[in-house]
Colleague: 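Right, I'll just put the structure down here and ask away after.
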Amino acid sequence: QVQLVESGGGLVQAGGSLRLSCAASGRTSSAYALGWFRQAPGKEREFVATVSWNGGRTYYADSVKGRFTIYRDISENTVYLQMNSLKPDDTAVYYCAARSLGVVGTENHEYDYWGQGTQVTVSS
């Protein structure tokens with residue numbers, strides 16, 4: 001089992017920044033790829049960004065490319081999502097996810113464990 005605990009969400013004005021954190025724990029959790037997804041009201045959960053097990057490979061959704069950065073601290077088994085130039089369309093619940101395969105993935109079904117989510121609200 002892998003446990004994921006997100007933090008760092010909140011309310012921010014358009015153009016502002018937030019950094020989300022996700023602490024992973026559990027046996028072999030350091031070997032998992034980690035990703036961020038989000039779900040806005042009335043919409044399906046969508047992929048945001050992912051990082052491979054060793055931090056060497058990242059991948060982003062087109063909607064956040066150039067504004068968001070995903071990275072992981074291997075020593076602390078934590079993944080971060082730095083979000084800059086936020087837009088009202090970024091408003092959603094953000095979920096951290098872990099994939100046992102260790103390589104990047106962009107689909108919900110590719111991930112084995114999920115956190116509880118953290119709310120991000122961007123005001124115009």
Colleague: Which atom names give the shortest non-hydrogen contact between I74 and N54, and what distance separates them?
Modeller: CD1-O, 3.4 Å
Colleague: In the hydrophobic clustering that connects Ile, Leu, Val, Met, Phe, Trp and Tyr at side-chain heavy-atom distances below 4.5 Å, which members other than V103 occupy its cluster, ordered by chain and number?
Modeller: L101
Colleague: Which residues pass the ring pair (Phe, Tyr, Trp, His ring centres under 6.0 Å) test with F68, sequence neighbours left out?
Modeller: none
Colleague: For the residue pair F37 and Y111, categorise the inter-ring angle as parallel (less than 30°), tilted (30 to 60°) or perpendicular (more than 60°).
Modeller: perpendicular
Colleague: A98 and V2: which non-hydrogen atoms are nearest, and at how many Å?
Modeller: CB-CG1, 4.3 Å
Colleague: Give the minimum heavy-atom separation between L4 and A24, together with the two atoms involved.
Modeller: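 The pair with the smallest heavy-atom distance is CD2-CB, 3.6 Å.
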Colleague: Quick check: closest heavy atoms across V51 and V79, and the distance to 0.1 Å?
Modeller: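 What the structure gives for the nearest pair is CG1-CG2, 3.9 Å.
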Colleague: Locate the shortest heavy-atom distance separating N84 from S17; write the atom from each residue and the value.
Modeller: OD1-OG, 2.9 Å
Colleague: Decide side-chain contact (heavy atoms from CB on, under 4.5 Å) for C96 and W36; before the verdict, give the C-alpha distance in whole Å, the side-chain angles of both, and the deciding distance to 0.1 Å.
Modeller: CA-CA 5 Å; C96 178; W36 289 97; 4.0 Å; yes
Colleague: Scan residues 75-109 for pairs that pass ring pair (Phe, Tyr, Trp, His ring centres under 6.0 Å), counting only residues two or more places apart or in two chains.
Modeller: Y71-Y80
Colleague: Tell me which one of T91, L20, L11 satisfies side chain to side chain contact (heavy atoms under 4.5 Å, CB included) with V120.
Modeller: L20
Colleague: Suppose the criterion is salt bridge (Lys or Arg N to Asp or Glu O under 4.0 Å): which pairs have a residue in residues 77-90, not counting sequence neighbours?
Modeller: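 The answer is R38-D90, R67-D90.
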Colleague: Not counting sequence neighbours, which residues clear salt bridge (Lys or Arg N to Asp or Glu O under 4.0 Å) with K65? List them please.
Modeller: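 Per chain and number, K65 pairs via salt bridge (Lys or Arg N to Asp or Glu O under 4.0 Å) with D62.
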Colleague: Once you round to the nearest 0.5 Å, how far does OG of S21 lie from CD of Q82?
Modeller: 9.5 Å
Colleague: Using side-chain contact (heavy atoms from CB on, under 4.5 Å), reason through T118 and V93 one step at a time and then give a plain yes or no.
Modeller: CA-CA 5 Å; T118 185; V93 176; over 6 Å; no
Colleague: For D73 and T78, test the side chains for any donor-to-acceptor distance below 3.5 angstrom and give the result as yes or no.
Modeller: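 Looking only at side-chain atoms, T78 and D73 do not form any donor-acceptor pair under 3.5 Å.
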Colleague: Out of curiosity, Q39 CD to Q119 CD, how far, rounded to the nearest 0.5 Å?
Modeller: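 That separation rounds to 11.0 Å.
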Colleague: Who pairs with Q13 by side-chain contact (heavy atoms from CB on, under 4.5 Å), at least two apart in sequence or on another chain?
Modeller: S123
Colleague: Going by the rule side chain to side chain donor-acceptor pair (under 3.5 Å), which residues pair with S25 if we only count those two or more places apart in sequence or in a different chain?
Modeller: Q3
Colleague: Can you name the ring pair (Phe, Tyr, Trp, His ring centres under 6.0 Å) partners of W53, sequence neighbours left out?
Modeller: none
Colleague: Do Q1 side-chain atoms and G26 backbone N/O form a donor-acceptor pair below 3.5 Å?
Modeller: no
Colleague: Under a single-linkage definition using a 4.5 Å side-chain heavy-atom cutoff for Ile, Leu, Val, Met, Phe, Trp and Tyr, are L18 and V48 assigned to the same hydrophobic cluster?
Modeller: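 The answer is yes; both residues are in one hydrophobic cluster.
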Colleague: Does any pair with a residue in residues 110-119 pass salt bridge (Lys or Arg N to Asp or Glu O under 4.0 Å), and if so which ones, sequence neighbours excluded?
Modeller: R99-E110
Colleague: With a 3.5 Å cut-off and no angle check, do the side chains of T50 and Y60 form a donor-acceptor pair?
Modeller: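 Result is no, nothing qualifies.
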Colleague: Does S124 have any side chain to side chain donor-acceptor pair (under 3.5 Å) partners at least two apart in sequence or in another chain, and if so, which?
Modeller: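 So S124 forms no side chain to side chain donor-acceptor pair (under 3.5 Å) with any residue.
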Colleague: Go through the structure and list residues passing salt bridge (Lys or Arg N to Asp or Glu O under 4.0 Å) with R19, not counting sequence neighbours.
Modeller: none
Colleague: Which residues pass the salt bridge (Lys or Arg N to Asp or Glu O under 4.0 Å) test with R72, not counting sequence neighbours?
Modeller: none
Colleague: With clusters defined by side-chain heavy atoms of hydrophobic residues (ILVMFWY) lying less than 4.5 Å apart, directly or transitively, does V64 cluster with V122?
Modeller: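 Yes; tracing contacts between hydrophobic side chains, which count when under 4.5 Å, links both residues.
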